[in-house]
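See below for the structure under consideration.
Because the structure is a prediction, the values reported are computed rather than measured. In what follows, every chain begins at residue 1, and chains take the letters A, B, ... in the order their sequences are listed.
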There are 2 protein chains.
Amino acid sequence: MAGNARRPGVSVASRVLDLLGAFDSEHPSLILSDLARRAGLPLATAHRLVAEMVTWGALVRSPSGAYEIGLRMWDLGLLAQVPARLRQVAAPFLQDLYGATLATVHFAVRDGTLALYVDRLSGSESLQLVSRVGARLPLHATGVGKVLLAHAPEPIRHRVFAELTPVTPYTITDPAVLDGQLARVRADGYAETREEMSLGACSLAVPVRDREGEVVAALGLTASSVHRNATQLVAALTVAASGIRRGMSHRMVAPWRDHPSAQ
Amino acid sequence: MAGNARRPGVSVASRVLDLLGAFDSEHPSLILSDLARRAGLPLATAHRLVAEMVTWGALVRSPSGAYEIGLRMWDLGLLAQVPARLRQVAAPFLQDLYGATLATVHFAVRDGTLALYVDRLSGSESLQLVSRVGARLPLHATGVGKVLLAHAPEPIRHRVFAELTPVTPYTITDPAVLDGQLARVRADGYAETREEMSLGACSLAVPVRDREGEVVAALGLTASSVHRNATQLVAALTVAASGIRRGMSHRMVAPWRDHPSAQ
DNA sequence: TGCTGTGCTTCCACCTACCGGAAGGGGGGC
DNA sequence: GCCCCCCTTCCGGTAGGTGGAAGCACAGCA
């Protein structure tokens with residue numbers, strides 16, 4: 001009776017993870033049926049697993065009955081070391097930069113062929129932009145992206161150049177032009193964009209290096225016009241990037257600590 | 001041969017979650033053996049499950065061989081609706097507040113009997129404080145905490161009053177004194193602390209209400225002395241809190257986690 | 001009031017994907 | 001070399017997981 005056609009090759013662990021993966025920025029809240037469908041699980045199976053996840057705190061049920069990512073996942077996410085360490089060091093300098101310029105401040109790392117926005121500051125007066133913390137935007141169309149791309153390994157550049165999708169009419173889609181710009185980024189130490197990602201928004205960005213000189217992140221400013229006083233803004237960015245570099249010291253890569261105690 | 005004493009009553013799903021739960025702010029990086037021990041799983045079992053979690057991106061292996069929370073968990077955590085919605089609305093106002101005062105800005109919600117710091121801004125010049133985004137601090141010893149406590153339901157106040165742990169010599173531990181302060185918080189519309197959480201640090205805080213007038217969060221400033229120009233600072237806080245309230249849609253905040261939270 | 005649709009919850013016999021002790025491998029300290 | 005610690009792989013037995021189906025709850029509609 002009880003039909004049982006367990007789909008082979010799919011472990012329980014991966015089912016739990018697939019349920020989590022069903023959520024994304026466009027689907028932050030899902031009813032059970034959609035959750036099951038997006039995770040590729042039968043309704044009854046999803047129901048059972050989801051109940052366990054709610055008990056643990058990974059998911060919560062909103063008043064409307066839909067499921068959402070729970071507070072406990074937020075806690076866990078904050079422990080992710082790549083963004084957490086960088087943010088911790090960078091945050092005060094980003095504040096200073098915002099205070100000095102009142103432009104939107106971006107702090108990003110490269111995640112594959114995309115720029116991952118680790119932090120972002122903007123006041124209530126700032127331009128409305130597509131960037132959000134956690135967003136992934138194209139490397140070739142943003143200030144921080146160009147910096148990261150200019151210092152990315154060859155295979156990554158190759159993949160990005162293979163698909164220069166236009167975002168606005170001003171997005172650079174000619175590989176030769178972009179290649180020239182990246183060479184200038186490496187030579188001059190900063191990148192710029194002019195309405196290549198959002199109409200009406202221009203940006204400047206500089207690399208952030210670790211103690212070994214490796215480019216690990218990029219720091220940028222975005223406003224309706226940044227080119228008039230570009231020299232000053234690049235100077236401010238450079239000062240902040242140096243401060244961040246100094247703060248990173250020798251501990252950015254997992255040190256070995258704790259405890260002979262037990263045993 | 002193959003000994004098999006599967007521990008009953010523990011589902012695979014909960015094992016996966018327990019592995020995640022083995023990480024906390026004091027153990028953001030764990031080698032396999034510690035991870036297995038903290039999750040209460042045999043080494044071989046942990047090894048198998050962890051491998052799947054790494055494949056999916058929930059965990060990553062650091063260069064030293066230890067496991068850490070992966071970027072994909074960071075992404076997921078950002079989708080948690082309670083902090084995400086509040087932060088999105090509040091962030092620009094927090095920036096403005098920081099720009100106007102240059103004091104450390106705190107934005108917190110109540111999580112059970114603790115204040116959960118949802119956001120925090122401070123420049124490179126600011127005081128070093130114990131607060132961090134994601135931190136949970138006592139309600140009775142912080143500015144934002146007193147605001148949240150003053151507007152908390154009776155059972156919560158009861159539980160907090162039952163255990164007024166001193167943090168510094170100035171922490172309020174007399175229930176009668178605290179009760180008087182909370183009454184004043186409700187009457188005056190703001191709370192203050194004087195070195196009750198960190199020596200040398202004082203704070204002011206005001207409630208943030210939603211469209212229905214319910215207190216959903218608290219907004220605070222901390223500096224070495226805030227009482228001299230308290231009137232101005234409270235005014236700035238109040239303006240920011242009103243701005244946040246206006247930015248909030250109606251059903252913005254999910255019900256609080258008011259369970260005794262095991263662990 | 002009854003009908004229909006949608007979505008959630010519970011049930012349970014089958015059986016496979018999971019379990020975990022033990023053995024094997026690798027590297028670093030002494 | 002020798003030991004210790006930690007990681008990785010293996011494999012027979014079986015218990016936890018599976019998912020179709022039935023039942024329930026509720027809302028919209030005539």
Any protein N or O atoms within reach of nucleotides 4-9 of chain C? Criterion: under 3.5 Å, listing atom names and distances.
residue, atom, partner, partner atom, Å
dC8(C), OP1, Leu32(A), N, 3.3
dC8(C), OP2, Ser33(A), N, 3.1
dC8(C), OP2, Ser33(A), OG, 2.5
dT9(C), OP1, Arg61(A), NH1, 3.0
dT9(C), OP2, His47(A), NE2, 3.2
dT9(C), O5', His47(A), NE2, 3.4

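For the helix from dT1(C)-dA30(D) to dC30(C)-dG1(D), the axis fitted to the five pairs at one end and the axis fitted to the five pairs at the other end meet at an angle of 40° (nearest 10 degrees).
The distance between atom CD of Glu52(B) and atom C1' of dT8(D), rounded to the nearest whole Å, is 16 Å. Rounded to whole angstrom, the span from the CG atom of Leu35(B) across to the P atom of dC5(D) amounts to 20 Å. One can place CG of Leu49(B) at 14 Å from P of dT8(D), the figure rounded to the nearest angstrom.
Residue pairs meeting the salt bridge (Lys or Arg N to Asp or Glu O under 4.0 Å) criterion with at least one member in residues 50-63 of chain B, sequence neighbours excluded, do not occur.
Ser64(A) meets the side chain to side chain donor-acceptor pair (under 3.5 Å) test with Ser62(A); sequence neighbours excluded. Contacts of Arg72(B) classified as salt bridge (charged side-chain N to carboxylate O under 4.0 Å, His left out), with partners at least two apart in sequence or in another chain: none. For the side chain to side chain donor-acceptor pair (under 3.5 Å) test, residues two or more places apart in sequence or in another chain that qualify with Asp119(B) are Arg87(B). Taking the side chain to side chain donor-acceptor pair (under 3.5 Å) definition, one finds that Arg159(A) meets it with nothing, sequence neighbours left out. In this structure, Thr113(A) has no side chain to side chain donor-acceptor pair (under 3.5 Å) partners at least two apart in sequence or on a different chain. For Ala84(A), the side-chain contact (heavy atoms from CB on, under 4.5 Å) test picks out no residue, with sequence neighbours left out.
The side chain of Arg48(A) places no N or O atom within less than 4.0 Å of a non-bridging phosphate oxygen (OP1 or OP2) of dG16(D). Within the structure, every side-chain polar atom (N or O) of Ser11(A) is placed at least 4.0 Å from both OP1 and OP2 of dA17(C).
Looking at His158(A), its side chain never comes within 3.5 Å of a backbone N or O of Pro153(A) through a donor-acceptor pair.
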